[in-house]
Colleague: 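Here it is, the structure in full.
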Amino acid sequence: MGDYGIKVTNPGYDISSTEPRDYIINSAYGTVKNALTGSGTVTVPASSSVTVTIAHGLSFIPLCLFYTELSSGSGKYFLGAVRLTTPDADAGNIYVNNSLDGDGNPINTYVDATNLVISYRNVAGSDEDIDYFYVIFGDSGS
Amino acid sequence: MGDYGIKVMKEGYSINDTDIRNILLSSKYNMLKYHIDTTGNLTVTAGNTSGSINFAHSLGYIPIFLAYVQHSWVESVERELPFGRSPQPLIETAYADSTNVTCRVNMTAQPADKTFVFRVIIFKDKIL
């Protein structure tokens, strides 16, 4: 063997396979590592917005995922920047702000080399507490 | 060494390197574990404006997942969910609960049936 590394296949697959999907891990291919996971609750004020800022401490722009229980207590966690027509049967009165500013630049919800920033908007006439969950990966998003 | 574990670096990087991007595997960092990768079709019939499809995961908790959609009547590519946003004429979203991953369509009424091909990748890792 001319090179060194580690590889482990899924059950039923031969170690000589050249199909990446047959492997649990193969040092020939990069992996996506969970650098930081967390959750929180935020109060979204009535007829207003709130921003959640999560410092990731990575010094590069990472891959990330986030999920939100837009309708408090529903048990339904929506993937990503969701903006539905409110009120919605599953998402209630909350949506994720992912709009553009006057110059056509994305604002509100983004990740940069310092933070994951999520902005929520509440169209209801009363404050709502919602739960969110995030995974920030130790791999570059850019 | 005060702790124990396994650590494997990418080719060309020292085992002492601390940049997480250079690590292939480390017992210090969890990695997502694959559960299922499956597809399903949802047809929104002419004149209707919404629909949903459930993908059962049998995990008993709310899992991390990804979702994609193919607009089969016009393209072969897959687009990442969520796609679109209010007030656009087509919005596709996905959520998970402790039983299913549900993909949803909200759209303006069309004169012909539209078939959406959803693909979900569900991991064994928990949201909740």
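Here is how names work: the chains are called A, B, and so on, in the same order as the sequence lines, proteins then strands, and each is numbered from 1.
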Colleague: Sorted by first residue and then second, give each ring pair (Phe, Tyr, Trp, His ring centres under 6.0 Å) pair with at least one member in residues 111-134 of chain A; sequence neighbours left out.
Modeller: none
Colleague: Do the non-hydrogen side-chain atoms of B:L32 and A:F137 ever get within less than 4.5 Å of each other?
Modeller: yes
Colleague: Side-chain heavy atoms nearer than 4.5 Å, only ILVMFWY residues, links allowed to pass through others: does that put B:V77 and B:F118 together?
Modeller: no
Colleague: Quick check: closest heavy atoms across A:T85 and B:S86, and the distance to 0.1 Å?
Modeller: OG1-OG, 3.1 Å
Colleague: Starting at OH of B:Y34, measure out to CD1 of A:I24 and round the result to the nearest 0.5 Å.
Modeller: 13.0 Å
Colleague: Are the side chains of A:D90 and B:Y95 in contact, using a 4.5 Å heavy-atom criterion?
Modeller: yes
Colleague: Heavy-atom cut-off 4.5 Å, strictly under: side chain, backbone, both or neither for A:I6 against chain B?
Modeller: side chain
Colleague: For the residue pair A:S27 and B:L24, establish whether any side-chain heavy-atom pair is separated by less than 4.5 Å.
Modeller: yes
Colleague: Are there residues of residues 28-47 of chain A whose heavy atoms fall under 4.5 Å of chain B's heavy atoms? If so, which?
Modeller: A:Y29, A:G30, A:T31, A:V32, A:K33, A:N34, A:A35
Colleague: Show, in sequence, the C-alpha distance, side-chain angles and deciding distance for A:F60 and B:I20, and conclude whether the side-chain contact (heavy atoms from CB on, under 4.5 Å) test is met.
Modeller: CA-CA 11 Å; A:F60 56 85; B:I20 188 173; 3.9 Å; yes
Colleague: Does any part of the side chain of B:L66, heavy atoms only, come nearer than 4.5 Å to the side chain of A:L65, both counted from C-beta?
Modeller: yes
Colleague: Check B:P82 against A:A81 and note the closest heavy-atom contact, atom names and distance.
Modeller: CG-O, 3.3 Å
Colleague: Check each atom of A:V96 against the heavy atoms of chain B and say whether the ones under 4.5 Å are side chain, backbone, both or neither.
Modeller: neither
Colleague: Do you know which of B:V101, B:I62, B:I64 makes side chain to side chain contact (heavy atoms under 4.5 Å, CB included) with A:Y77?
Modeller: B:I62
Colleague: Side chain, backbone, both or neither: which part of B:I127 has a non-hydrogen atom closer than 4.5 Å to chain A?
Modeller: both
Colleague: Looking at B:D37 and A:R21, does any basic side-chain N land under 4.0 Å from a carboxylate oxygen?
Modeller: no
Colleague: Side-chain contact test, heavy atoms from C-beta onward, threshold under 4.5 Å: evaluate it for B:F65 versus A:Y67 and give yes or no.
Modeller: yes
Colleague: Within a reach of under 6.0 Å around NZ of B:K7, are more than 12 heavy atoms found that belong to other residues, nucleotides or ligands?
Modeller: yes
Colleague: Of the listed residues (B:D125, B:I23, B:N30, B:D97), which shares the most heavy-atom pairs with chain A below a 4.5 Å separation?
Modeller: B:N30
Colleague: Could you check whether any side-chain heavy atom of B:N106 comes within less than 4.5 Å of a side-chain heavy atom of A:L84, counting everything from C-beta outward?
Modeller: yes
